[in-house]
Amino acid sequence: MAEVTFGGKAGRISLEEVGLRFEVDGEIATITLNRPGRRNAQTFATWSALAQIGDTLPQQVRVVVIRGEGPSFSAGIDLRMFTPEGVPGQGSFASSAALDDSTFEQRIAQAQQGFLWLRRPEIVSVAAVQGHAIGAGFQLALACDVRVLADDAKLCMKEPALGLVPDLTGTKPLVDLVGLSRAVEICLTARTVGAEEAARIGLAELVVAPQDLAGAVADLTAALLATDRDAATATKRLLQGAAGRTLEEQCAAERREQVVRVKSLFAGS
């Protein structure tokens, strides 16, 4: 059971009820979006549960794989959230709109926590994407360090077409990966980006046939785990900070990290 918060309420609810499956096998954790009947559409409870998984992730986990059950990765926001009735027990956008601005922003911040932890330097997150990755689904894939796509994958930032903005941490990685002009074009046309184009413009590290997706992710995971854990964490930390530093600052950061690594490996030998 996991305690999740949605609609301003907290309660005990199982991941199965939320539509998630969480499995740990040694150093690998797998999160499966498990609402295939709704193409793994996401709700407030989905995001709260993702955040709780991040908060309680076992310390030994080094690689987190996110996948979708069925033919789609995630079709994005559960469209019932646009109706007056909303998602049972979770409210709707209409009920959220009645909140004061500060409370509403805090609610969005809580949802964002379900995506932010996937960037932590001590883990590598891998999105295994097949079929539709729309809106929140696209942003969940963007929250991961690496994206492996089946060749039937269809990516779309749908929020602007629905009168919304992407608010689940997806705008920065999109700009970082494809540049401002392409990000503007993708978001404001809300068009579909296929797997081949995604690989060409930097949205995917690997594209494979759908039947080969699980195997490709397993091979990648094995390669990631073959690297020393502390060195991998330090290297990811360096890479994450590189864009915000000058060359001189990055060189200094490299020196600091390397001093720690060499002393850890050889001091006293």
Side-chain angles (χ1 to χ4, degrees), residues 2 4 20 22 24 27-33 42 46-68 73-74 76 105-106 108-129 133 135-149 155 157 159 165-180 183 186-187 198 201-206 217 220-221 223-225 227-245 249-250 253-254 256-257 260:
V4 300
L20 291 177
F22 177 60
V24 176
E27 296 179 304
I28 305 168
T30 303
I31 300 171
T32 302
L33 302 173
Q42 301 175 35
T46 308
W47 306 326
S48 295
L50 286 171
Q52 289 297 322
I53 290 173
D55 288 343
T56 59
L57 191 72
Q59 190 172 6
Q60 80 269 16
V61 171
R62 292 184 57 191
V63 176
V64 176
V65 176
I66 299 188
R67 59 179 296 275
F73 179 71
S74 174
E105 284 193 29
Q106 181 57 38
I108 296 171
Q110 291 171 348
Q112 290 170 334
Q113 291 303 312
F115 294 66
L116 286 171
W117 69 270
L118 293 163
R119 281 96 163 179
R120 294 202 310 236
E122 66 269 23
I123 62 172
V124 178
S125 49
V126 179
V129 181
F138 189 10
Q139 292 187 79
L140 184 57
L142 286 168
C144 293
D145 297 309
V146 181
R147 283 153 297 283
V148 180
L149 270 56
L155 314 177
M157 200 66 84
E159 286 85 350
V165 300
D167 65 343
L168 294 171
T169 80
T171 55
K172 179 171 173 53
L174 182 62
V175 172
D176 288 345
L177 290 167
V178 305
L180 175 59
I186 288 172
C187 289
I201 65 178
L203 289 173
E205 281 62 55
L206 183 64
V217 170
L220 173 61
T221 298
L224 290 168
L225 293 177
T227 302
D228 177 88
R229 179 172 193 160
D230 292 333
T233 299
T235 301
K236 181 177 174 182
R237 192 161 50 229
L238 280 171
L239 294 171
Q240 287 179 316
R245 300 187 188 110
E249 291 168 340
Q250 185 70 0
E254 290 175 358
R256 290 191 296 269
E257 294 283 9
V260 174

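These figures come from a predicted structure and were not determined experimentally.
- Taking 4.5 Å as the limit, every side-chain heavy atom of K172 sits out of range of all side-chain heavy atoms of T169.
- With contacts defined as side-chain heavy-atom distances shorter than 4.5 Å, the pair R147/L177 qualifies.
- Side chains of Q139 and M157 form a contact here, defined as non-hydrogen atoms less than 4.5 Å apart.
- Side chains of L33 and L20 form a contact here, defined as non-hydrogen atoms less than 4.5 Å apart.
- For the residue pair W47/Q42, the side-chain donor-acceptor check at 3.5 Å is satisfied.
- Between the CD atom of E105 and the CD atom of Q110 there is a distance of 12.5 Å, given to the nearest 0.5 Å.
- Using a 4.5 Å heavy-atom threshold, the side chains of F73 and L140 count as touching.
- Expressed to the nearest 0.5 Å, how far SG of C187 lies from CG of L174 amounts to 5.0 Å.
- Partner of I123 under the side-chain contact (heavy atoms from CB on, under 4.5 Å) criterion, out of L224, V63, L57: L57 alone.
- With rounding to the nearest 0.5 Å, the separation of CD1 in I28 from OG1 in T221 is 5.0 Å.
- At a threshold of 4.5 Å between non-hydrogen side-chain atoms, the residues T227 and T235 do not count as touching.
- Proximity of L220 to V146: side-chain heavy atoms (C-beta onward) are separated by under 4.5 Å at one or more points.
- Residues R67 and T30 share a closest heavy-atom pair of CD-CG2, 3.9 Å.
- With contacts defined as side-chain heavy-atom distances shorter than 4.5 Å, the pair Q60/V24 qualifies.
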